[in-house]
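Written out below as structure tokens is the structure these notes cover.
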Amino acid sequence: MILSVKNLSKNFRDGKKNLNVLQDVSFDVKKGEIVTIKGPSGSGKSTLLSILGTLDDADSGKIVINSTLINEVKDLNKLRNLNIGFVFQFHNLISELTLEENVLIPKMINKEEIDNQKIEELFTFFDLQDRMKSFPNDLSGGEKQRVAVMRAIINNPSIVIADEPTGNLDKENVLKIIALFKKLNINNKLTFIIATHDDQIFEIGHSKYNLESGKLIKI
Amino acid sequence: MKLYFLIAKRFLFPNKRFSSSIVNFISFIGLFIGAAAIVLSVSVLNGFQDILKSEYIKLNGQFLIEDYDKQLYESTKRYLDFNDSTYSIHNLDELLVIAQNKQSLIQLKSVTNQSLFNFYDLNLKENQEYLSDNEIIIGSSLASRLNLAIGDNVRVVSKDFKFNYFGIPEIREVVVANIFTNRILRADDSLVFGLLNEPSIENLYFEFNNSEAIISNTSSEILSWKDRNLQLFEATEIEKKITFFTLSLIILVASFNLCSSIMQITSKKLKDLAVLMSLGVNKSGIKIIFIIYSYLIGAGAILSGIFFAVLIIYLQNSFSLIKLNPEFYLVDTLPMNIFIGDIFLLIVGSLVLVGIFSLIPLRFVKDMSPNQIINRQI
Ligand SMILES: Nc1ncnc2c1ncn2[C@@H]1O[C@H](COP(=O)(O)OP(=O)(O)OP(=O)(O)O)[C@@H](O)[C@H]1O
Ligand SMILES: [Mg+2]
């Protein structure tokens with residue numbers, strides 16, 4: 001089991017009202033599995049993914065990533081750097097850095113030696129071999145999102161967390177991302193947790209969940 | 001560190017073009033001007049202080065012992081050599097000079113010929129190697145005030161009127177043998193050199209630059225040129241400090257600018273910072289990026305300001321670019337001199353200031369929450 005979630009709860013205080021966004025959420029993810037989650041807007045998908053990605057704290061519950069209980073981890077930044085890759089609805093590339101530099105950020109944080117040959121192969125795999133030295137603003141939306149996926153997987157993370165990764169793309173690019181995720185899942189044994197409104201991408205999940213009224217239910 | 005440096009550099013110069021924001025430019029210019037102004041003004045004050053010292057030493061030597069209790073003379077007379085030109089043993093008397101119908105109070109320094117021409121550096125009007133008993137050398141200001149030329153006769157009278165056996169004050173007739181020029185402290189208005197025949201035990205003085213024999217044989221207080229001009233020396237020192245402090249205010253204001261520049265850039269790049277954190281950069285990493293950012297501006301500006309000022313000083317010293325009217329300024333070219341210590345103090349002080357003012361706007365990082373920033377975007 002690469003990820004194990006037990007009895008996760010999260011409340012937000014909104015003025016005097018108490019929002020129970022997540023109630024007693026439990027589920028497991030195996031290595032190499034694609035998990036997709038859908039649910040109405042405001043149901044808490046982004047909140048759940050933030051907590052799984054250690055960007056936010058749960059009120060209660062346990063999360064074990066790669067046999068590490070994250071409640072006990074001191075340096076969450078390091079854990080995130082090595083174990084978790086994020087793809088957001090927006091590409092969130094740093095516009096002052098070249099695509100190559102953007103992709104290499106996680107490696108540079110970890111002060112790793114950089115193997116130029118491998119980087120070129122990666123860009124070729126993503127069909128962006130000619131754009132390594134370009135800046136994000138020179139690229140189309142679909143291309144930028146592909147670079148964001150590259151950045152998410154560069155450290156070969158235990159889990160790729162994608163929050164509406166196609167929410168901002170046209171049909172053609174949605175298909176490209178879906179194909180890419182499948183390919184990465186098969187070739188690299190990467191594990192995905194994807195929250196989406198898009199039925200097409202929802203369907204690629206080996207396990208599919210619906211999040212509604214704070215409950216996560218397997219379909 | 002490499003990543004932080006890269007990001008700071010790119011935030012400062014987006015897309016490799018020098019198109020940084022105007023606020024950055026203003027802080028750069030402010031720090032540059034501040035640093036250059038401090039180095040230049042302090043160097044001018046140093047320059048005048050140097051001239052004061054070198055001119056003063058020409059007439060007075062580096063060190064002085066006033067031999068009040070005759071201890072020095074008694075203990076050293078066995079081997080003191082009046083013909084030694086590495087020091088000067090002399091009497092100093094206050095006298096009245098009378099020329100035609102004008103008169104003036106002067107200080108007569110009676111020295112040996114060896115000391116007169118080898119120890120002191122008088123900048124004489126005419127070449128001379130020997131002064132005889134009835135001759136004196138006066139300063140150029142005194143000469144023009146009393147209307148005296150070389151070869152004129154004057155009378156000198158002891159100020160406290162030593163009366164001779166006949167009850168009339170001792171008056172000596174002497175010849176103006178030469179005229180010296182010195183640029184400071186109106187020395188050439190009041191100092192007169194004469195010949196020492198036999199040292200009187202009263203009013204005996206030793207002036208020397210570096211004489212082991214004297215230093216090791218005295219328990220008397222040794223006064224340096226600084227001690228002898230304490231008020232003037234301290235005045236210039238204080239002036240230097242005030243200049244340093246006042247001009248530091250330019251650097252302070254420029255640091256404020258840097259502060260607002262960092263506020264601007266951090267609020268503009270908030271999302272990028274959140275993304276970096278999601279990728280594993282910790283909060284001190286975020287701070288380091290902006291500290292590097294402000295030091296790229298700050299250290300760059302201060303070092304280039306100092307470099308610019310040192311270049312000016314070098315050019316001035318080599319080619320005398322800035323001329324002065326010697327009638328008013330003692331010198332014909334602006335003197336400039338800077339010490340490593342001054343520059344070091346400036347660099348350390350201003351870099352600490354830049355550091356403090358770049359940390360102030362970074363307090364927001366402490367309670368920054370990346371998922372809030374990423375999930376709330378439009
Ligand atoms: N910091 C917060 N303070 C108060 N309420 C919050 C906070 N963050 C999220 N919420 C609320 O929690 C609920 C879940 O938000 P979340 O962003 O997780 O929904 P979502 O399922 O991702 O929605 P969408 O599909 O529109 O992205 C929403 O009602 C939201 O208003
Ligand atoms: Mg969401």
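Residue numbering restarts at 1 for every chain, and letters A, B, ... go by the order of the sequence lines.
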* B/Ile7 and A/Met108, any side-chain heavy atoms less than 4.5 Å apart ->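 Sidechains of B/Ile7 and A/Met108: no contact.
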
Which atoms of [X] are under 4.5 Å from chain A, going by heavy atoms: the side chain, the backbone, both sets, or neither?
X: B/Lys9; value: neither
X: B/Ser278; value: both
X: B/Val281; value: both

Could you grab the distance from atom [atom1] of [X] to atom [atom2] of [Y], nearest 0.5 Å is fine?
X: A/Ile114; Y: B/Lys2; atom1: CD1; atom2: NZ; value: 5.0 Å
X: A/Leu55; Y: B/Ile373; atom1: CG; atom2: CD1; value: 10.5 Å
X: A/Gln89; Y: B/Ile374; atom1: CD; atom2: CD1; value: 12.5 Å
X: B/Leu3; Y: A/Lys107; atom1: CG; atom2: NZ; value: 13.5 Å
X: A/Asp57; Y: B/Asn371; atom1: CG; atom2: CG; value: 9.0 Å
X: B/Asp272; Y: A/Asn102; atom1: CG; atom2: CG; value: 8.5 Å

Could you check whether atom [atom1] of [X] has more than 12 heavy atoms from other residues, nucleotides or ligands sitting under 6.0 Å from it?
X: B/Tyr314; atom1: OH; result: no
X: B/Phe308; atom1: CZ; result: no
X: B/Ile340; atom1: CD1; result: no
X: A/Lys215; atom1: NZ; result: yes
X: A/Phe12; atom1: CZ; result: yes
X: B/Phe307; atom1: CZ; result: no
X: B/Lys283; atom1: NZ; result: yes

* Asked: If you take all heavy atoms of B/Leu276 and A/Ile109, which pair is closest and at what distance?
  ->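 Closest approach of B/Leu276 to A/Ile109, heavy atoms only: O-CD1, 4.3 Å.
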
* Output yes when a side-chain donor or acceptor of B/Arg10 lies under 3.5 Å from a complementary backbone atom of A/Ser95, and no otherwise. =>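 Side chain of B/Arg10 to backbone of A/Ser95: no pair is present.
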
* Engaged part of A/Leu93 at the chain B interface, taking heavy atoms whose separation is under 4.5 Å ->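 A/Leu93 touches chain B through backbone heavy atoms alone.
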
* Counting only heavy atoms closer than 4.5 Å, note whether A/Asp163 contacts chain B via side chain, backbone, both or neither. =>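 Only the side chain of A/Asp163 comes within 4.5 Å of chain B.
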
* Top contributor to chain B interface from A/Asn81, A/Ile84, A/Thr54, A/Ile94 [non-hydrogen pairs under 4.5 Å] ->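 Highest number of heavy-atom pairs under 4.5 Å: A/Ile94.
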
* Asked: Any idea which of A/Lys111, A/Glu101, A/Lys78 has the most non-hydrogen atom pairs under 4.5 angstrom with chain B?
  ->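 With the most close heavy-atom pairs to chain B, the winner is A/Glu101.
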
* salt bridge (charged side-chain N to carboxylate O under 4.0 Å, His left out) involving A/Lys10 - partner list, sequence neighbours excluded ->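 Expected list: A/Asp56.
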
